[in-house]
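This report refers to the structure that appears directly beneath it.
Proteins come first, then strands; the chains are lettered A, B, ... in the order of their sequence lines, and each starts at number 1.
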Amino acid sequence: MTARSYALSDGNSFYCSCERVFDPSLEGRPVIVLSNNDGCAVAMTPEAKALGVKMGSPWFQIRDLCKREGIVARSSNYALYGDMSRRVNEVYKTFSSVVEVYSIDESFLDFSDVPDRSALAQEMRRTVKQWTGIPTRVGIGPTRVLSKVANNLAKKRLELNGVCDLTDEALRRQLLPLLDIEDVWGIGRASAPKLRAVGIETAADLRDMPPRQARAMLTVAGEKLVRELNGIHCDDLELTPPVRKGIAVTRSFGKPITTVEEMMQATGFYATRAAEKLRRHRVLAPSIRVFMHTSPFREGPSRSVAKTIGFPSPTWDTRDLVSAATRATKLIWANGFQYAKAGVMLDGLTTPEETPRSLFDAQDPSREALLSALDSINGKFGRGSLYLARTGHNPAWKLRSDLKSPAYTTDLRQAPLARA
DNA sequence: TCTGGGGTCCTAGGACCC
DNA sequence: TCTGGGGTCCTAGGACCC
């Protein structure tokens, strides 16, 4: 019997590697790729990193450094990276029948029942490099978290030659103490100091933490993390990409916004873009949320506010979104602040196929009509449960899903439907 | 002067209902 | 009639990810 194994493969400095594939003269030179409006560095090669560029370094701060040291800076080209990512994943599929695309440059592969995992991983690296030009590194482990940890070690420790297999427990005991707590997947800048304060400094310390304590400090995500570090499997691979749950359009302003008219212009424009995205993805939004906040980098009074406005029925209509966005902006506006960023967010999206229109139009449908509508959509969602409800000022029945009450659908069949 | 954008998940707390 | 407890719904906000 062979143990379950996951491999996490990622492209080294992925965006920069893509740029190098199309411009081989960049090979061996320090390269960085800049964010959308060339605001900051979002990818860098080890050569650039060695010269002092950090992830997220603002362009205006490193411009001189780049000029002085001959660092090549490129604007990002997401169409190119997306195409490259697709090609790399095609190669992965020849090495494992189960591939979960986790992000543009990372994929989880099922490596269970592979006799020599490291050898297969090395062969995969060679093939990806040969067919696409992209260099990769591979981490292997009995859980996804451990494969992620392994990938990190493969990155940090050059003697591992791009592949680290943590399936063996003895090797884990040896290597986990070498990984700082900040480098563990799921531990960010808020949790790391909290953990360090109680003496948790490395991945090994976190592994040995009582799961209940981890839950108290880091919520359920922390408890899962501890279990997975111990080799106990908690999350499986997502084989089919989940339906889009939210859409956001947000921007930082070149210069701060101080008047409500300007802000309404901005959020109205974001709402227009959001409506385009809804129609492109063929999903409907039940509500829209507008937020704005001041710059965290500047002195002065700070403010961060948000407002959600619901629609009578889910919509992708530009006018609905823009008028709600404008209304929300007025409602939360306060004078005397320098707003640096704002945006609109759409949550709880539904699709026309999964949620029959008639359900939303029904003002006072019969019990039979509601139950048959429920039957027609039942089981079409991957997770959670479904129920019908009407709430707030909205007279129409709504379809909702809620992970917290898995038995609700059954309850609904037995309980009399309330008439508001 | 200039510090990204787009996602997911979790939780607290108020409103409301029975 | 009064009260409390328990449940759900919804919003806001935080943390994390790439």
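- Counting non-hydrogen atoms under 4.0 angstrom, A:F291 reaches nothing in the nucleic acid.
- Straight-line distance from the CD atom of A:E182 to the C1' atom of C:dC16: 14 Å, rounded to whole Å.
- Among the atoms of the strands shown, none is found under 4.0 Å from any heavy atom of A:K194.
- Within the nucleic acid shown, A:F253 comes within 4.0 Å of sugar-phosphate atoms alone, with no base atom in reach, counting heavy atoms only.
- Rounded to an integer number of Å, the gap from CZ of A:R251 to C1' of B:dC2 is 17 Å.
- Checking C:dA12, C:dC18, B:dT3 against every side-chain atom of A:Q61, the shortest atom distance belongs to B:dT3.
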Query raised in the report: Going through the checks in order, is the side-chain contact (heavy atoms from CB on, under 4.5 Å) test met by A:I288 and A:T308?
Result: CA-CA 6 Å; A:I288 183 170; A:T308 304; over 6 Å; no
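- Distance CZ (A:R144) to C1' (B:dT8): 13 Å, rounded to an integer number of Å.
- Nucleotide C:dC18: paired with B:dG5 (Watson-Crick or G-U wobble, both distances less than 3.5 Å).
- The backbone N or O of A:V31 lies less than 3.5 Å from a partner atom in the side chain of A:T45, making a donor-acceptor pair.
- Side chain of A:A190, nearest nucleotide from B:dG7, C:dA15, C:dC18: C:dA15.
- Nearest to the side chain of A:S252, among B:dG4, C:dA15, B:dG7, sits B:dG4.
- As judged by a 4.0 angstrom heavy-atom cut-off over every strand, A:R289 is placed among the base-contacting residues.
- With rounding to whole Å, A:N152 atom CG is found 11 Å from C:dC17 atom P.
- In this structure, A:F311 places its CZ atom 16 Å from C1' of C:dC10, rounding to the nearest Å.
- To the nearest whole angstrom, the two C1' atoms, one in B:dC17 and one in C:dT3, are 15 Å apart.
- When the C1' atom of B:dG4 is taken as reference, atom CG of A:L34 falls 11 Å away, rounded to whole Å.
- Taking 4.0 Å as the cut-off between side-chain N and carboxylate O, A:D110 and A:R4 do not count as a salt-bridged pair.
- Using a 4.0 Å heavy-atom criterion, one finds that A:G310 contacts no nucleic acid atom at all.
- With B:dG5, C:dT11, B:dT3 as the choices, the nucleotide that has an atom nearest any side-chain atom of A:T308 turns out to be C:dT11.
- Taking the six-membered ring for Trp, A:Y102 and A:W185 have ring centres closer than 6.0 Å.
- The distance from atom OH of A:Y78 to atom P of C:dC18 is 15 Å, rounded to the nearest whole Å.
- The nucleotide whose nearest atom lies closest to any side-chain atom of A:T219 is, among C:dA12, C:dC18, B:dT11, B:dT11.
- Here the side chain of A:K307 is nearest to one of C:dC18, B:dG4, C:dA12, namely C:dA12.
- Within the 4.0 angstrom heavy-atom criterion, only backbone atoms of the sugar-phosphate kind lie near A:D105; the bases stay farther away.
- Closest contact between the side chain of A:R63 and the listed nucleotides B:dG4, C:dC18, B:dC2 involves B:dC2.
- Summarising the geometry, atom CE belonging to A:M124 is positioned 4.5 Å from atom CZ belonging to A:F111; distances are rounded to the nearest 0.5 Å.
- Proximity note for A:W185 (side chain, C-beta onward) versus B:dC2, C:dC17, B:dG5: the nearest is C:dC17.
- Checking the phosphate oxygens (OP1, OP2) of B:dC9, a side-chain nitrogen or oxygen of A:K245 falls inside 4.0 Å.
- A:S191 comes within contact range of the sugar-phosphate backbone alone, with a heavy-atom separation under 4.0 Å but no base atom that close.
- Heavy atoms of A:V101 sit nowhere under 4.0 angstrom from any nucleic acid atom.
- If A:Y15 and A:H281 are placed on DNA chain B by their nearest nucleotide, the residue sitting closer to the 5' end is A:Y15.
- Taking the six-membered ring for Trp, A:Y6 and A:F108 have ring centres at least 6.0 Å apart.
- Along DNA chain B, the nucleotide nearest A:G246 and the nucleotide nearest A:A340 are compared for position; the residue whose nucleotide lies closer to the 5' end is A:A340.
- Backbone-only contact: A:R298 has heavy atoms under 4.0 Å from sugar-phosphate atoms and none from a base.
- For the residue pair A:N152/A:K156, the side-chain donor-acceptor check at 3.5 Å is satisfied.
- Side-chain nitrogen and oxygen atoms of A:R244 include at least one within less than 4.0 Å of the OP1 or OP2 phosphate oxygen of B:dG7.
- Atom-to-atom, CG of A:D347 to P of B:dC9 comes out at 11 Å; the value is rounded to the nearest Å.
- Listed candidates were B:dG5, B:dC2, B:dT11. Nearest to the side chain of A:F60 is B:dC2.
- Using a 4.0 Å heavy-atom distance criterion, A:I247 is classed as a sugar-phosphate-only contact.
- Salt bridge A:E201/A:R196: present, at least one basic N to carboxylate O contact under 4.0 Å.
- OP1 or OP2 of B:dG6 has at least one side-chain nitrogen or oxygen of A:K277 nearer than 4.0 Å.
- You'll find that the side chain of A:V220 is closest to B:dC10, out of C:dC18, B:dC10, C:dC16.
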